[in-house]
Number of protein chains: 4
Amino acid sequence: MKKNKPKYKQIIDAAVIVIAENGYHQAQVSKIAKQAGVADGTIYLYFKNKEDILISLFQEKMGSFVERLDELIKHEKTAAQKLKVLIENHFLILSEDPHLAIVTQLELRQSNKELRQKINEVLKGYLELVDRILDQGVRSGEFSKGLDIRLARQMIFGTLDETVTNWVMKEQRYNLADLAPKVHELLLLGCKGEK
Amino acid sequence: MKKNKPKYKQIIDAAVIVIAENGYHQAQVSKIAKQAGVADGTIYLYFKNKEDILISLFQEKMGSFVERLDELIKHEKTAAQKLKVLIENHFLILSEDPHLAIVTQLELRQSNKELRQKINEVLKGYLELVDRILDQGVRSGEFSKGLDIRLARQMIFGTLDETVTNWVMKEQRYNLADLAPKVHELLLLGCKGEK
Amino acid sequence: MKKNKPKYKQIIDAAVIVIAENGYHQAQVSKIAKQAGVADGTIYLYFKNKEDILISLFQEKMGSFVERLDELIKHEKTAAQKLKVLIENHFLILSEDPHLAIVTQLELRQSNKELRQKINEVLKGYLELVDRILDQGVRSGEFSKGLDIRLARQMIFGTLDETVTNWVMKEQRYNLADLAPKVHELLLLGCKGEK
Amino acid sequence: MKKNKPKYKQIIDAAVIVIAENGYHQAQVSKIAKQAGVADGTIYLYFKNKEDILISLFQEKMGSFVERLDELIKHEKTAAQKLKVLIENHFLILSEDPHLAIVTQLELRQSNKELRQKINEVLKGYLELVDRILDQGVRSGEFSKGLDIRLARQMIFGTLDETVTNWVMKEQRYNLADLAPKVHELLLLGCKGEK
DNA sequence: TATGAATGAGTCTTCATTCAT
DNA sequence: GATGAATGAAGACTCATTCAT
């Protein structure tokens with residue numbers, strides 16, 4: 001299994017750095033190889049082509065992102081509490097890896113439609129996580145019975161994404177994680193519905 | 001003033017069609033020229049370079065988008081009502097022009113960082129509109145006193161944007177405008193705060 | 001019609017020279033462009049891709065080759081005389097253009113199967129010319145009634161081709177055209193059959 | 001002597017199969033190694049480089065081809081009879097090994113000039129065989145006294161080669177060996193000269 | 001104004017060969 | 001002898017922009 005060999009992760013990590021520092025369109029394969037400390041040709045022993053590096057990058061990073069969130073949420077009981085932990089850690093994890101934040105929020109969105117479609121497949125895992133929280137909330141009576149789960153999910157994801165993107169575009173000059181409580185409060189009100 | 005000459009708008013409209021139908025990366029200047037019915041060189045009599053076409057496209061289309069919204073909102077009194085009209089028409093206007101929806105939600109996001117930065121400048125007009133509504137709502141007591149306007153704006157814009165993008169990516173198969181009431185309800189709860 | 005523009009022929013002639021002097025595998029597009037005195041990109045205004053240059057080269061050169069032979073043969077009456085003129089001029093025309101001889105006999109044969117298949121299409125014109133001579137000869141009684149036209153054509157083409165190739169590989173050190181009478185005599189005997 | 005070790009022949013046979021089935025340009029060293037059941041690096045214990053595989057392939061296969069023909073001809077008395085056996089077996093041997101026929105008639109001709117020059121060295125053995133037959137024929141009075149041996153050899157080789165190539169390009173759909181008598185008849189007439 | 005032919009910089013990928021094990 | 005992971009050089013093609021007419 002190539003994914004377990006050290007060079008596989010080495011190349012992906014190099015790609016994150018090169019894309020974050022040079023931008024998507026200036027991230028040549030040769031630059032990634034140099035950053036990874038391997039020859040250009042070695043890249044192609046581990047990845048089918050350049051697009052495959054980017055897809056794998058997203059799958060690896062986003063996959064473990066969703067896994068981490070999933071693990072943390074398990075220990076919470078209420079949907080509200082789960083949403084809180086989700087938001088806190090969504091912000092926290094991206095705060096911890098500024099390069100990754102730049103790549104996922106800005107650079108990878110410049111990719112073409114096909115690549116973005118594959119990225120969306122990976123995002124589904126995240127969106128399902130949100131859906132499960134919303135579903136629990138509605139069932140338990142925490143959230144409004146009439147809550148449209150698809151819309152609520154779009155609100156939650158849209159808000160978090162927009163908040164992180166703003167933070168990245170402001171060059172990460174303020175503390176993203178600090179925003180979590182207020183964002184949680186805002187989103188929760190929408191979910192709870194009219195009292 | 002070049003912007004008032006017929007070919008200026010002719011080229012921008014051609015760009016919208018070509019980008020929507022071929023995608024950002026397949027929208028060559030020569031294709032836009034052909035669609036506009038002018039020679040390649042003629043483009044450069046009206047635009048500095050290709051990026052200038054795209055920025056101008058966004059300015060023209062988004063400018064009139066904001067103007068239309070601004071005009072409609074004027075006639076509403078309460079902040080809640082203004083927000084309602086904003087959402088309804090944000091959805092309605094993009095529903096009316098499927099090509100434009102594709103271009104703004106999907107294709108133009110593939111542009112590079114600098115272009116996106118300029119696009120954000122144009123978006124400021126829209127965000128200020130939202131801010132004015134929120135500000136009025138807080139002042140009038142409709143919305144929570146403690147409302148963080150920046151976060152609320154990010155929630156509103158993020159939610160609307162995510163909702164429209166989902167609709168475009170689902171190939172506009174359902175009626176976007178129908179979602180307005182529920183989205184308004186969701187967002188309003190967040191703005192009103194705990195009762 | 002691109003084929004009538006001067007640069008079209010200019011590029012083809014450049015390709016013949018570059019391939020003859022550098023060999024098929026060392027005939028880069030940039031080298032051909034330089035030899036033709038145009039920019040690399042200009043090549044692609046006249047040819048779909050590199051392969052298209054080579055096919056066009058063969059079509060143009062071989063096309064006029066067949067046309068010239070066809071024209072000359074018309075004036076001869078007997079099949080034997082036509083065969084004589086064919087052989088003489090086959091040798092003469094290639095003698096006149098040493099570069100072309102190298103390209104057609106040695107270099108273009110290194111191309112891949114698809115290209116060679118297309119080259120064969122062009123060669124059909126030549127083979128049909130031979131067939132017509134053989135057919136006339138058989139009908140007029142000059143050649144053996146039992147002559148297998150396909151085999152006779154393969155003998156004629158095979159012999160001429162082998163003879164020219166040998167001459168090219170011997171670096172054109174002797175006079176190819178001088179061989180025509182003897183080659184004609186040899187081939188004619190086969191066609192006439194047992195007396 | 002490496003040539004006597006089993007892997008030497010194993011690799012050459014693998015090369016014939018891989019080239020015949022994939023074409024010259026798709027016959028990578030790694031593919032040949034895989035077909036031969038050895039590691040890539042092992043190839044280089046038996047051959048200097050890739051070209052050396054191809055030259056050796058031709059030498060081995062063509063060497064035994066000439067040997068077999070030589071052996072068979074020995075038993076014939078007249079030059080005409082020898083020519084007959086030569087043609088029959090030239091066709092027969094290639095008919096028996098369709099892979100080899102594809103490789104020698106089509107694929108190996110795509111190699112570069114140097115390789116083809118070395119191939120020609122190997123072919124000399126065959127051409128000398130033909131020369132000896134012709135020489136005997138002239139001396140014995142079977143063939144025309146004025147016969148130009150070089151031209152006659154080019155006619156014979158050119159005709160046989162063209163005939164086999166046509167058969168291979170027609171995907172070996174008819175029986176090549178059946179053509180031998182007629183081809184022999186045709187060529188013999190040329191050699192015998194005017195009666 | 002308008003044209004459109006010409007320009008030329010820039011990059012992903014393949015594959016023969018090596019060499020540490 | 002045998003392996004196979006790693007190397008790195010090399011080239012076709014696109015397309016935004018110019019400028020002579």
Side-chain angles (χ1 to χ4, degrees), chain A residues 2 5-8 10-11 25-34 36-53, chain B residues 2 5-7 11 25-34 36-54, chain C residues 2 5-8 10-11 25-34 36-54, chain D residues 2 5-8 11 25-34 36-54:
Chain A
K2 281 185 175 166
K5 297 197 178 169
K7 290 211 171 140
Y8 178 82
Q10 195 173 323
I11 290 165
H25 290 290
Q26 278 307 305
Q28 294 86 349
V29 171
S30 61
K31 233 178 236 168
I32 295 172
K34 200 170 189 182
V38 300
D40 292 19
T42 305
I43 299 268
Y44 292 87
L45 297 176
Y46 295 90
F47 300 91
K48 222 171 61 242
N49 49 35
K50 187 181 178 182
E51 195 182 46
D52 190 31
I53 308 176
Chain B
K2 281 181 177 170
K5 298 204 179 168
K7 286 196 178 160
I11 291 166
H25 289 291
Q26 280 306 306
Q28 293 86 351
V29 171
S30 61
K31 231 179 236 168
I32 295 172
K34 199 172 186 180
V38 300
D40 293 19
T42 305
I43 299 267
Y44 292 86
L45 298 175
Y46 295 90
F47 300 91
K48 217 169 74 236
N49 50 34
K50 186 180 180 182
E51 197 181 47
D52 190 29
I53 308 176
L54 305 176
Chain C
K2 281 185 176 166
K5 297 198 181 170
K7 290 209 172 143
Y8 178 82
Q10 196 173 323
I11 291 165
H25 290 291
Q26 278 307 305
Q28 294 87 348
V29 171
S30 61
K31 235 179 232 166
I32 295 172
K34 200 171 186 178
V38 300
D40 292 20
T42 304
I43 300 267
Y44 293 87
L45 296 176
Y46 296 90
F47 301 91
K48 222 171 62 241
N49 49 37
K50 187 180 178 181
E51 196 182 48
D52 190 31
I53 307 176
L54 305 175
Chain D
K2 282 183 176 168
K5 300 206 177 165
K7 286 198 180 161
Y8 178 83
I11 290 165
H25 289 290
Q26 280 307 304
Q28 294 86 351
V29 171
S30 62
K31 231 178 235 167
I32 295 172
K34 198 172 186 182
V38 301
D40 294 17
T42 305
I43 299 267
Y44 292 87
L45 298 173
Y46 295 89
F47 300 91
K48 216 171 72 239
N49 50 34
K50 186 180 179 182
E51 196 179 47
D52 189 31
I53 307 176
L54 304 176

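Bear in mind the structure is a predicted one, so any value in this text is a computation, not a measurement. Letters A, B, ... mirror the listed sequences (proteins, then strands); counts begin at 1.
- Nucleic acid contact for A/F47: none, since no nucleic acid atom lies under 4.0 Å from a heavy atom of the residue.
- A/K31 comes within 4.0 angstrom of nothing in the nucleic acid, heavy atoms only.
- Residue A/I32 comes nearest to A/A27 through the heavy atom pair CD1-O, 4.2 Å, listed as atom of the first residue, atom of the second, then distance.
- With hydrogens and angles ignored, the 3.5 Å screen pairs no side-chain donor or acceptor of D/K50 with any backbone N or O of D/V29.
- Nearest-nucleotide positions on DNA chain E place B/G37 closer to the 5' end than the other of C/G37 and B/G37.
- You can see that DNA chain F meets the heavy atoms of chain C within a 4.0 Å-exclusive cut from F/dG11 to F/dT14, reading 5' to 3'.
- Looking at DNA chain F, the stems built from 3 or more consecutive Watson-Crick or G-U wobble pairs, each pair with its key distances under 3.5 Å, are E:2-21 with F:2-21.
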Write down the protein N/O and nucleotide N/O pairs, taken from nucleotides 13-15 of chain E, whose separation is under 3.5 Å; answer none if there are no such pairs.
| unit_1 | atom_1 | unit_2 | atom_2 | d |
| --- | --- | --- | --- | --- |
| E/dT13 | OP2 | A/Y44 | OH | 2.8 |
| E/dT13 | OP2 | A/K50 | N | 2.9 |
| E/dC15 | OP1 | D/Q28 | NE2 | 2.8 |
| E/dC15 | OP2 | D/Q28 | NE2 | 3.2 |

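- D/Q26 and D/K31 make their closest contact through O-NZ, 2.9 Å (heavy atoms, listed as atom of the first residue, atom of the second, distance).
- With rounding to the nearest 0.5 angstrom, the CZ atom of C/F47 is 5.0 Å from the OH atom of C/Y8.
- Residue-level contact check: B/K7 touches the backbone only, with heavy atoms under 4.0 Å from sugar-phosphate atoms and none from bases.
- Closest approach of D/I43 to D/I11, counting heavy atoms only: CD1-CG2, 3.8 Å.
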